[in-house]
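These notes are about the structure you will find just below.
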There are 2 protein chains.
Amino acid sequence: MIGAMMNKQRSRRTPPPQDCPLDVCLRLLAGAWTPKVLWYLCDEPRRFGDLRRDIGTITSKVLTTRLREMEELGVVAREVIPSSPPQVSYSLTQLGKELKPVLDAMTQVGEKLGRKIE
Amino acid sequence: MIGAMMNKQRSRRTPPPQDCPLDVCLRLLAGAWTPKVLWYLCDEPRRFGDLRRDIGTITSKVLTTRLREMEELGVVAREVIPSSPPQVSYSLTQLGKELKPVLDAMTQVGEKLGRKIE
DNA sequence: CGGTATCCCAATGGATACTG
DNA sequence: CAGTATCCATTGGGATACCG
């Protein structure tokens, strides 16, 4: 079963192939909610539930997914604080903080783009 | 096109809800191939077919889609040169050129992210 | 040359329920 | 509190064919 399923059929869905650095960064930022997670982590570390409430309508499944992939890329750090009830705190790493200027730059252009919309 | 996208009925609940400038910029850049199109238009105007060949494996359907939405946002300009065979030239507008620093910033962070991957 | 028109698939992520 | 586990609707965009 696994063998069969691992047989990647490359016929369709030839993905944007190169892993140039731009694509890498984009794949991170384009994940749903990712910019908002970064935004709320910018100022200070936050716990899972706080993040969830801050962002508003994100489900815990998706929030978990995003945090896990950000963690794997070294953009956020996860710290478990043994206590009862359990607490898990998320914060930006040094690398994560380097995304701030990117978000700011995108916001600036976004404002000009935005005037074209509505 | 993105404008239409923004009025579209949301399926189940209100997903990525706010249209903050960051989201607007991101929706543009996250379109498949969009960064590459921008990249190849950076230096000089290019014709449709040239862009297609530059990028390599993009289909004309998708290239058209991307160029149309970039045009609607005022990021690229489309110029039809009456001749035989017909020529259509695409170039970055002033606003489009402002995306260059954004791409550069993303590339820089992407390089550091990339070292985490492979 | 510079596109449209179809058809269709697989990944993304939303809804909901449940757990240590 | 901080997640997992399922299930499934939406959709971006790839393949292919065709056109003025």
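Chain letters run A, B, ... following the sequence lines, proteins first and then strands; every chain starts at 1.
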Measure the distance from [atom1] on [X] to [atom2] on [N] and round it to the nearest whole Å.
X: B/I58; N: C/dG2; atom1: CD1; atom2: P; result: 14 Å
X: A/R52; N: C/dT16; atom1: CZ; atom2: P; result: 13 Å
X: A/L67; N: D/dC1; atom1: CG; atom2: P; result: 16 Å
X: A/E79; N: D/dC1; atom1: CD; atom2: P; result: 18 Å

For this session: Keeping the roles fixed (side chain from A/T93, backbone from A/V75), state whether a donor-acceptor pair exists under 3.5 Å.
Result: yes
Exercise. The helix from C/dC1-D/dG20 to C/dG20-D/dC1: angle between its terminal axes, five pairs each, to 10°?
Worked result: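 The value is 50°.
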Report yes if a side-chain nitrogen or oxygen of [X] is closer than 4.0 Å to either non-bridging phosphate oxygen (OP1 or OP2) of [N]; otherwise report no.
X: B/R78; N: C/dG3; result: yes
X: A/W33; N: C/dG14; result: yes
X: A/R27; N: C/dA11; result: no
X: A/Y90; N: D/dG3; result: yes
X: A/R66; N: C/dG13; result: yes

As an exercise, state the distance from [atom1] of [X] to [atom2] of [Y], rounded to the nearest 0.5 Å.
X: A/R53; Y: A/I58; atom1: CZ; atom2: CD1; value: 13.5 Å
X: A/C20; Y: B/E111; atom1: SG; atom2: CD; value: 10.0 Å
X: B/D54; Y: B/R47; atom1: CG; atom2: CZ; value: 12.0 Å
X: B/M106; Y: A/L99; atom1: CE; atom2: CG; value: 9.0 Å
X: A/L51; Y: A/R66; atom1: CG; atom2: CZ; value: 13.5 Å
X: B/T64; Y: B/R52; atom1: OG1; atom2: CZ; value: 8.5 Å

Exercise. Can A/R27 and A/D23 be said to form a salt bridge (Lys or Arg N to Asp or Glu O under 4.0 Å), step by step?
Worked result: CA-CA 6 Å; A/R27 270 204 305 277; A/D23 289 335; 5.5 Å; no
Which nucleotide, [options], lies nearest any side-chain atom of [X]?
X: A/V62; options: C/dG14, D/dG13, D/dA2; result: C/dG14
X: B/R68; options: C/dT4, D/dG3, C/dA15; result: C/dT4
X: A/T59; options: D/dA2, C/dA5, C/dA15; result: C/dA15
X: A/T64; options: D/dG14, D/dT4, C/dT4; result: D/dT4
X: B/Q87; options: D/dC1, C/dC7, C/dG2; result: C/dG2
X: A/P86; options: C/dC1, D/dA5, D/dC1; result: D/dC1

Problem set entry | Check against side chain to side chain donor-acceptor pair (under 3.5 Å), A/Y90 and A/R78 | CA-CA 5 Å; A/Y90 292 91; A/R78 177 176 184 269; 3.3 Å; yes
Exercise. Which sits closer to the 5' end of DNA chain D, A/P85 or A/K61, going by the nucleotide each is nearest to?
Worked result: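 Checking each residue's closest nucleotide, the 5'-ward one belongs to A/P85.
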Exercise. Can you list, by residue number, the residues of residues 38-48 of chain B that have a non-hydrogen atom closer than 4.0 angstrom to DNA chain C?
Worked result: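 Under 4.0 Å from DNA chain C: B/R47, B/F48.
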Exercise. Out of curiosity, does A/I81 fall in the hydrophobic cluster containing A/L41 (side-chain heavy atoms, cut-off under 4.5 Å, transitive links)?
Worked result: no
